[in-house]
Amino acid sequence: MFRTLQQQFSRFWNQQTGTQRVVFIVLLVLAIILIPLFVVWATTPTYEVAFTGLSEADAGQIVEQLNSDNIPYKLRGSGTILVPANQVYEIRLKMARQGLPQGGTVGFELFNGNTLGMTEFSQRVNYQQAIEGELERTIGSLSAVEAVRVHLVIPEKTLLSSEQSPTTASVTVMEKPGMALDSAQVRAITHLVASSVEGLKPENVVVVDVNGNMLASGEGGDQNNLNAQTDTRRAAELAAADQIKKKVQDILDKALGPNKSVVQANVSLDWTQRETSRQSYDPQQSVVRSAQDVKEVYTTTSGSIEGIPGATTNLPPAGSGSLSANNGIAYTRTESTVNYEITQVQTHEIQSPGDIQRISLSVLVDGITDTQQLQTLQSVIAAAAGIDTNRGDNLAVQSLAFDRSYYQSQAAEIQKAEKQSMIYRYGEIGAAILIFALLLWYVMRVLKNLKLTSSAAWIPIMRPVSEMALPMPGTTTGSPAEKTLLGANLIQNHVESSPAESGAINQLTQAIENKKKIPKIELPTISPEYEQLQKTLDDLVDSDPTSIAEAIQLWLAEDEKRHG
């Protein structure tokens with residue numbers, strides 16, 4: 001069987017042209033190379049980044065843990081670890097339970113171990129290192145900070161406070177690309193560090209970046225406080241101006257449409273803190289504060305004067321009075337005193353800083369030439385921005401034709417670039433489809449040519465019994481006995497055919513391919529005994545075709561051995 005296959009393949013190979021042989025070899029080599037690659041690619045898991053930006057210590061601990069858990073991984077550089085895509089979140093949670101990654105710093109977990117036998121100096125050093133690590137973690141959590149280092153200098157305590165050296169700190173910050181720390185964030189870092197260390201003041205904290213720029217010099221607190229106050233005031237003025245600008249811009253966008261106006265605002269705030277005391281009197285309103293009424297009356301009925309001897313009795317009484325010669329002494333006195341309180345008003349006022357001192361607002365609108373419309377816009381803008389001319393506010397609304405040539409050219413270039421990109425994309429898709437169609441057409445053509453050229457070279461070794469029973473094209477159909485006899489004759493002719501007969505068979509096959517008319521095959525005369533034998537054979541084929549096929553195959557194998 002294998003020898004026959006070898007002979008047929010040799011015959012098939014000799015019938016191919018040089019181009020067909022090259023194509024066949026190329027396809028075979030590509031199949032040998034691409035099939036194993038495809039199998040490897042299909043069975044290889046997809047890796048995704050699980051950790052990036054790791055320090056060498058954290059990367060080593062994570063790799064050691066992955067090796068112990070038999071988890072596949074890949075390293076990209078020294079700080080990036082890739083794991084299978086379906087295990088990324090599981091591995092992250094597992095490492096987080098073990099406190100990894102630690103960020104390259106050590107915090108208060110330094111004291112989780114056994115500290116028995118440590119000296120006081122070692123404990124103090126570990127405590128300082130733990131504080132530095134915790135501060136680095138906290139500062140590193142800021143959005144603009146990529147990496148940070150903190151160094152503390154905590155001097156030993158002395159008996160006299162006047163001889164005590166101050167605690168100092170230095171912070172080195174690496175900012176993320178495209179981001180920068182402003183002065184307010186730097187002051188926040190200094191106060192954070194100062195509040196976390198005993199005896200440390202904000203003015204003793206120095207902050208620098210990795211480029212050597214001084215962000216906080218630590219030179220006294222007055223200058224820092226002044227800078228902080230200035231930044232706060234400036235930020236408040238900018239926030240007030242932005243609020244006014246947004247209100248006016250919203251009105252103009254709704255009235256004129258987008259990109260039809262430009263608004264700029266400037267707000268000056270009064271940062272003077274005033275404390276006023278006033279005291280006023282109202283003479284029209286008065287109330288009785290106090291009143292005194294005195295009335296004295298002396299009357300005598302006879303000419304004698306009675307009383308205690310002495311000068312006091314003989315002297316006339318004070319005040320108004322009257323004496324009568326006939327009736328003695330008669331004395332009368334009346335006195336009335338009324339004190340009024342004038343209404344007094346006292347006022348004590350404390351005015352906090354931050355009131356609006358002046359507003360300057362400028363508005364440009366595009367292509368409005370109507371004076372009445374400009375005046376209407378000016379009145380609306382003044383009401384929306386809170387313009388007060390008595391306060392010294394300034395409002396300017398002017399019409400100007402905007403130059404949009406730059407934006408139009410930019411839009412045209414963007415549209416052109418998008419169009420070119422779309423054309424390239426469609427061209428790539430079309431080229432890919434065309435190449436695929438041409439390749440498919442070429443492969444189909446090659447396969448078709450191979451099929452046509454090899455139809456005469458490949459001769460079936462084992463044919464099914466059903467095919468053996470069918471007549472050849474151009475033959476007459478008859479009874480089942482005739483079909484079976486014809487199949488048996490064909491098998492016998494194939495088995496016992498000489499080289500000349502094989503050539504005749506090949507010519508017959510070529511004639512079939514060329515759609516030539518095949519001459520009618522005359523069946524021999526069948527005797528009654530042979531017909532009875534054929535009927536028995538037909539019944540046996542119908543009842544057990546498998547056994548018949550096996551028997552025929554055994555005959556063919558024996559014949560091949562005998563002729564081989």
Side-chain angles (χ1 to χ4, degrees), residues 51-65 68 78-79 81 95-176 181 185-221 224:
F51 302 97
T52 183
L54 298 174
S55 62
E56 294 182 356
D58 287 340
Q61 294 180 5
I62 293 176
V63 168
E64 182 179 359
Q65 187 65 34
S68 62
S78 61
I81 299 177
M95 297 302 168
R97 286 195 298 268
Q98 300 180 6
L100 296 174
Q102 298 179 355
T105 60
V106 180
F108 283 107
E109 66 272 9
L110 187 63
F111 296 96
N112 293 338
N114 186 10
T115 59
L116 183 64
M118 294 182 61
T119 63
E120 182 181 357
F121 176 77
S122 300
Q123 289 184 351
R124 186 166 63 250
V125 171
N126 289 342
Y127 176 73
Q128 180 174 341
Q129 183 180 0
I131 293 179
E132 291 176 352
E134 294 294 336
L135 288 174
E136 289 175 1
R137 293 178 181 177
T138 304
I139 299 174
S141 63
L142 298 179
S143 59
V145 177
E146 183 175 358
V148 63
R149 289 296 304 272
V150 178
H151 300 281
L152 300 177
V153 178
I154 303 177
E156 296 182 359
K157 294 184 178 180
T158 60
L159 296 177
L160 299 177
S161 60
S162 58
E163 299 178 357
Q164 179 67 43
S165 300
T167 303
T168 58
S170 61
V171 181
T172 304
V173 178
M174 176 184 291
E175 300 168 340
K176 291 183 179 180
L181 294 172
Q185 291 174 326
V186 173
R187 288 195 304 274
I189 292 175
T190 57
H191 284 79
L192 172 66
V193 176
S195 301
S196 303
V197 181
E198 181 183 1
L200 181 59
K201 298 180 181 180
E203 55 268 21
N204 292 331
V205 179
V206 178
V207 181
V208 297
D209 59 7
V210 292
N211 297 322
N213 299 321
M214 183 74 68
L215 303 180
S217 60
E219 297 176 353
N224 292 334

Item checked: Pairwise side-chain contact, Leu135 with Val197, heavy-atom cut-off 4.5 Å (strictly under) -> yes
Next item on the list: Find out whether Ile189 and Leu142 are in side-chain contact, i.e. whether some heavy atom of one side chain is under 4.5 Å from a heavy atom of the other.
Entry: yes
Checklist line | Thr190 side chain reached by Val171 side chain, heavy atoms, under 4.5 Å | finding: no
Note to self: Within this structure, what is the OG1-CG distance for the pair Thr172 and Leu215, rounded to the nearest 0.5 Å?
What the structure shows: 9.5 Å
Checklist line | Asp209 side chain vs Asn211 backbone, donor-acceptor pair below 3.5 Å | finding: yes
Next item on the list: Please say whether more than 12 non-hydrogen atoms of neighbouring residues, nucleotides or ligands are located less than 6.0 Å from CD in Gln164.
Entry: yes
Margin query: Determine whether a donor-acceptor pair (N or O, by modelled atom type, separation under 3.5 Å) exists between the side chain of Glu132 and the backbone of His151.
Written below: no
Notebook entry, point to check: Which atom pair, heavy atoms only, marks the closest approach of Ala194 to Pro202?
Noted result: CB-N, 3.6 Å
Next item on the list: Taking all non-hydrogen atoms of both residues into account, name the closest pair between Thr167 and Leu200 and its distance.
Entry: O-CD1, 2.9 Å
Item checked: Residue pair Ala216 / Met214: nearest heavy atoms and the distance that separates them -> O-SD, 3.4 Å
Checklist line | From Phe51 atom CZ to Asp58 atom CG, the distance as rounded to the nearest 0.5 Å | finding: 9.5 Å
Item checked: Glu175 (side chain) donor-acceptor with Ala144 (main chain) under 3.5 angstrom -> no
Notebook entry, point to check: Is any side-chain heavy atom of Val207 closer than 4.5 Å to a side-chain heavy atom of Val193?
Noted result: no
Item checked: Arg149 side, atom CZ; Met174 side, atom CE - distance, nearest 0.5 Å -> 11.0 Å
Notebook entry, point to check: If only atom types and distance count, is the side chain of Gln128 paired as donor or acceptor with the main-chain N or O of Leu152 below 3.5 Å?
Noted result: yes
Item checked: Pairwise distance OG(Ser143) to CG(Leu181) - rounded to 0.5 angstrom -> 8.5 Å
Item checked: Considering all heavy atoms, the nearest Ser122-Thr119 contact -> OG-OG1, 3.0 Å
